[in-house]
Amino acid sequence: MSERRKPYPFDRIEPKWQTIWDQTRAFHAPNPGEEKFDPAQPKYYVLDMFPYPSGAGLHVGHPEGYTATDIIARYKRLRGFNVLHPMGWDAFGLPAEQYAIKTGQHPVVTTRENVAKFKTQLKRIGFSYDWERELNTTDPAYFKWTQWIFLQIYNSWFNPETKRTEPVSTYRGGDPDIVRLAYVAEVAVNWCPELGTVLANEEVIDGKSEVGGFPVVRRPMRQWMLRITAFADRLIDELEGLDWPDSIKALQRNWIGRSEGAEVDFKLGDSQKIRVFTTRPDTLYGATYMVLAPENPLVDQITTEAQRAAVRKYREEIASKSDLERTDLAKEKTGVSTGAFAVNPANEERIPIWIADYVLMGYGTGAIMGVPAHDARDLEFARKFDPPIRLVVQAPAGHESLGFVGHGVAINSPLLDGLPSIEAKQKITAWLGENELGARSINYKLRDWLFSRQRYWGEPFPVIWRDGKHEALPESELPLEPPALEDFKPTGTGEPPLAKAKDWIRYSENAQRETNTMPQWAGSCWYYLRFCDPGNSTHFVGETPERYWMGGGKPGGVDLYIGGVEHAVLHLLYARFWHKVLFDLGHVSKPEPFQRLVNQGMILGEDGRKMSKRWGNVIDPLDVIEIYGADAFRCYEMFMGPLEQMKPWSMKGVEGVSRFLARVWRLIMEENQAGEWILSRSVQEAEPDKSQRKILHATIKKVTGDIETLSFNTAISQMMILVNALTNAPVKPVAVFRTLLLLLNPFAPHLTSELWQTLAEKFPSASGEITAQRWPEYDESFLIEDEIEIVVQVNGKLRDKVTVALDATDAELEAAALANQKVQNALAGKSVRKVVVVPKKLVNIVAG
RNA sequence: GCCGAUGUGGCGAAAUGGCAGACGCAACGGACUUAAAAUCCGUUGGGCUUAAACGGCCCGUGCCGGUUCGAGUCCGGCCAUCGGCACCA
């Protein structure tokens, strides 16, 4: 690149201040009891979603949220808070392992290199992280505690009576293995042959793996599960007290998918019965057939001899399909009769039992009652297979009752006729209860968390197997490090790569180690806790630092958490679950991890497309910083638009913001004959004039308020307005600039630090570095004017503006408005009907 | 299909129910310069009126309606785009 003249010497001052900050430990936050800790100050914990350090390095999307949190961190420090603002690395995971398989380079090596690259980039942007708290999920000193937390989960159960996690020792029902929060089960898992591993439901998108996009098939395997479903209600209810976007709360509620209804038993013969779950027990009289999921074990017992062959064939067809195919073919309902009949408990009718793949084994009881008149899927099925259709809900006027799925009035239902659906539900549920035919019931879409992976690059389970039973490893044997494997390719059989480490597996004469590893989510489920006390070698987090940093009057501990919306249901749900377990067991002080959550919007390429190698529109922050400097980069990221919004990158926009910063520089600095930057002679110890003072205080007010609401774009706009107003002032009062520099400091820390220092050398009226100052306060009295401009409207349309005294009465305002020439013109030929006066704002004359 | 978000100049955007388009980009004009860059100053939603300037008038926040003295903002109904879930009984 040619020697391009810099608008101001950011290339000199930015590295200078970054070095100073490092050397003075400027952003180190001491823990309670440590040297320099000030207990008189309130705490503020502002957290980023820590990155997975990929080989590609950061692109400009990553630092958007990081810049926002950095502004908040620097602002809160100036406001006198003890600020915890840490950064670390979520470094276990599939990409490093895939890369290792391709290149033969060990994940430890690639992880180290990638972390170094990320860290260089982040440091060059000037983020004020407390790097002394840096952590890495692949560090044995860290994952020792990930494994320790797993043991807490393993050794716990959810007591449905107390609705809390308790040690398994309090379980009185016999074998504790059946209630542990971590358990082994033979489940139909998402097996991805290409990746050689199973995946969580959340990692499968449209029947393909989220990583790589490879096909995923259902396959029964023995897996570790975490009993997150026990916490479903709490995970929904306790969203209430959190300052999260409603859309994210909705996403989580949706994912958990709580639905209330009833379970109803349909008798088969004298002793057998089939239980169904329904949200519409009020339509029981309309149930004219039943459907079982093809996988339902009852199918074998009830199928008649005549239907056996057809049923077997159908089940084989279904089994050979992937989930994708199964849902893809949803357009056309399929099914086979079992030949068996059940009895509708409401009217004692004999109804046929079918199997069909639109009924899922994994939800409810794996069986439904078919109410074709009032369920879209059942109606579709009925149109093909012809069971009777009976209307049992009268739709409101204007709606067709056949196919009506909303609430109406019960008909053709002797016990319920005339009742609105909601009352009918209550009545029939009570009736079912009295006759021991059913009961109220709640179902969730949320499934237990499939927690094991057949991978190398993850935390090994601290578990051994003896005589076919699992046992916890003693705490003293943690961390359990993975074996040093040369070959960590998937075995292809579903057996984990760790199985290749024969010596490692052998725990003792008769015990072997578990060979699965934990999923990538494990490390990120609790990293925010470790940041409170990252060096602790005896506890996962010390009680005092946890209480301090995670404290406060709200349910959640982290005061502000910013990250991408892609983690709305994965990371955020898992972390809340772990946190609740730790809370119940008394290891942490708050029921929720994150009090205030904000999702930054994605930054698109200049072409409006998602940034990706494929489109060649990826922007590297370091390239931008090379040309415009880190301060301009930071300010542009915030000036683009609202933080939460998706928005396209624009180099021209960076240039505009860079011009603004250069103007700030030149307000204070000028070039001498030799081409050196020196303090401008117009900067003087002087009183600001009235208009300068007014705009300055208006700016303090606006910027302060905007930072609190994360409206950084408008905060920058206001500072631009201030700078524009000062540009041609012949005398530039130092005090005005000091305030401007403080307001701008969180956004452009290097530039403002340098200018602050330059001013301090010449004018000793302020001492210490800018980071040691206090945030400016505004004085409302400077914002008030003697005269104000009032808008005058006729019939709501702007006609003119008049200037009146601040304390003008309503009558004076009205008189001034009516006397206005333009108003008179507009009123010509009309009579005034009414006059609306809004004090200090406007007068609206209604005429006709 | 269900849930959620978003629709404002050429572009990114701003506006406690009270002056729509702040601030920035781009464009155009001017100053400075031998010239350019940089910098500084100004114009810039659309249309009509006027010889021109000044001025004046009308229209305009996805569409249709409503509430209100007054709606980008509140309410109802549509349309479009994006995101999530999706045979969940």
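As the structure is a prediction and not an experimental result, all values here were calculated from the model. Below, chains carry the letters A, B, ... as their sequence lines are ordered, and counting in each starts from 1.
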Determine: side-chain N/O of [X] to OP1/OP2 of [N], distance under 4.0 Å, yes or no.
X: A:Gln793; N: B:C69; result: no
X: A:Arg666; N: B:C40; result: yes
X: A:Ser247; N: B:G84; result: no
X: A:Asn713; N: B:G12; result: no
X: A:Lys647; N: B:C82; result: no

Among [options], which nucleotide sits nearest the side chain of [X]?
X: A:Lys841; options: B:A20, B:C69, B:G18; result: B:G18
X: A:Tyr358; options: B:C87, B:C19, B:G84; result: B:C87
X: A:Thr727; options: B:C19, B:C59, B:C41; result: B:C41
X: A:Pro642; options: B:A13, B:A89, B:C3; result: B:A13
X: A:Leu360; options: B:C85, B:A89, B:G84; result: B:A89
X: A:Leu798; options: B:A89, B:A14, B:C19; result: B:C19

Practice item. Answer yes or no: does atom CD1 of A:Ile422 have more than 12 heavy-atom neighbours from other residues, nucleotides or ligands under 6.0 Å? Key: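 Not buried by this count: 12 neighbours or fewer within 6.0 Å.
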Can you check the distance between [N] and [M], where both ends of the measurement are the [atom1] atom (answer in whole Å)?
N: B:C19; M: B:U61; atom1: P; answer: 15 Å
N: B:G77; M: B:G4; atom1: P; answer: 13 Å
N: B:A86; M: B:C75; atom1: C1'; answer: 31 Å
N: B:C2; M: B:C74; atom1: C1'; answer: 26 Å
N: B:C11; M: B:G18; atom1: C1'; answer: 29 Å
N: B:G76; M: B:U81; atom1: C1'; answer: 22 Å
N: B:G45; M: B:C54; atom1: P; answer: 14 Å
N: B:A20; M: B:U73; atom1: P; answer: 14 Å

What contact category does [X] fall into here, base, sugar-phosphate, or nothing, at under 4.0 angstrom with non-hydrogen atoms?
X: A:Val838; value: base
X: A:Arg799; value: sugar-phosphate
X: A:Asn728; value: sugar-phosphate
X: A:Gln645; value: sugar-phosphate

Please report, rounded to the nearest Å, how far the [atom2] atom of [N] is from the [atom1] atom of [X].
X: A:Phe266; N: B:A89; atom1: CZ; atom2: P; result: 16 Å
X: A:Met651; N: B:G12; atom1: CE; atom2: P; result: 18 Å
X: A:Glu332; N: B:C87; atom1: CD; atom2: P; result: 17 Å
X: A:Glu380; N: B:G1; atom1: CD; atom2: P; result: 14 Å
X: A:Leu643; N: B:A13; atom1: CG; atom2: C1'; result: 15 Å
X: A:Leu827; N: B:C69; atom1: CG; atom2: P; result: 18 Å
X: A:Lys702; N: B:U16; atom1: NZ; atom2: C1'; result: 11 Å
X: A:Glu671; N: B:C40; atom1: CD; atom2: P; result: 14 Å

Check your understanding: Does A:Trp244 have A:Arg576 sitting over its ring (NZ/CZ under 6.0 Å from centre, angle to axis within 45°)?
Key -> yes
**Study point:** Axial cation check for A:Tyr358 ring with A:Lys333, 6.0 Å and 45° limits
**Key:**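 Verdict for A:Tyr358: a cation-pi partner in A:Lys333.
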Check your understanding: Does a distance-only test, which skips hydrogens and angles, find a donor-acceptor pair under 3.5 Å between the side chain of A:Lys333 and the base of B:C87?
Key ->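 Yes, the side chain and the base share a sub-3.5 Å donor-acceptor pair.
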Exercise for review: Would you state whether a donor and an acceptor, one from the side chain of A:Lys801 and one from the base of B:C19, lie under 3.5 Å apart?
Suggested key: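 Answer yes: a donor N or O sits under 3.5 Å from an acceptor.
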Check your understanding: Along nucleotides 23-32 of chain B, 5' to 3', which nucleotides get a B, which get an S, and which get a -, given that the test is a protein heavy-atom distance under 4.0 Å?
Key -> BSSS------
Practice item. Return the 5'-most residue of the pair A:Ala250, A:Tyr363 with respect to RNA chain B, ranking by each residue's nearest nucleotide. Key: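 By nearest-heavy-atom nucleotide position, the 5'-most residue is A:Ala250.
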Check your understanding: Given that A:Lys834 and A:Val565 both sit by RNA chain B, which one's nearest nucleotide is further toward the 5' end?
Key ->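 Taking each residue's closest nucleotide, the earlier one in sequence belongs to A:Lys834.
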Point to revise | Results of side-chain contact (heavy atoms from CB on, under 4.5 Å) for A:Ile788 - residues two or more places apart only | key: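 Here the qualifying residues are A:Ile790, A:Val804, A:Leu806, A:Lys840.
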Point to revise | side-chain contact (heavy atoms from CB on, under 4.5 Å) partners of A:Ser247, counting only residues at least two apart | key: A:Pro245
Review point. Is the backbone N or O of A:Ala293 less than 3.5 Å from a side-chain atom of A:Asp357, with the two atoms forming a donor-acceptor pair by type?
Key: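 Checked: no pair found.
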**Study point:** Under 3.5 Å side-chain donor-acceptor pair for A:Asp448 and A:Thr229
**Key:** yes
Practice item. Taking salt bridge (charged side-chain N to carboxylate O under 4.0 Å, His left out) as the test, write out the residues that go with A:Asp11, two or more places apart. Key: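 With neighbours one apart ignored, the set is empty.
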Review point. How would you list, by chain and number, every residue that makes a salt bridge (charged side-chain N to carboxylate O under 4.0 Å, His left out) with A:Glu260, sequence neighbours excluded?
Key: A:Arg258, A:Arg440
Review point. What is the ring orientation for A:Trp354 with A:Phe385, classed by angle as parallel under 30°, tilted 30 to 60°, or perpendicular over 60°?
Key: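 The arrangement is tilted - the two ring planes meet at 30° to 60°.
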Exercise for review: For the residue pair A:Phe712 and A:Phe747, categorise the inter-ring angle as parallel (less than 30°), tilted (30 to 60°) or perpendicular (more than 60°).
Suggested key: perpendicular
Review point. Any salt bridge between A:Glu671 and A:Arg666, counting N to O under 4.0 Å?
Key: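 A:Arg666 and A:Glu671: not salt-bridged.
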Exercise for review: Mind telling me if B:G9 is syn or anti? Syn here is a glycosidic angle within 90° of 0.
Suggested key: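 Base orientation: syn.
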Review point. If a stem is a run of at least 3 consecutive Watson-Crick or G-U pairs, both distances under 3.5 Å, which stems include RNA chain B?
Key: B:1-7 with B:79-85, B:10-12 with B:23-25, B:27-31 with B:39-43, B:45-49 with B:55-59, B:62-66 with B:74-78
**Study point:** Sub-6.0 Å ring centroid separation between A:Tyr289 and A:Phe381
**Key:** yes
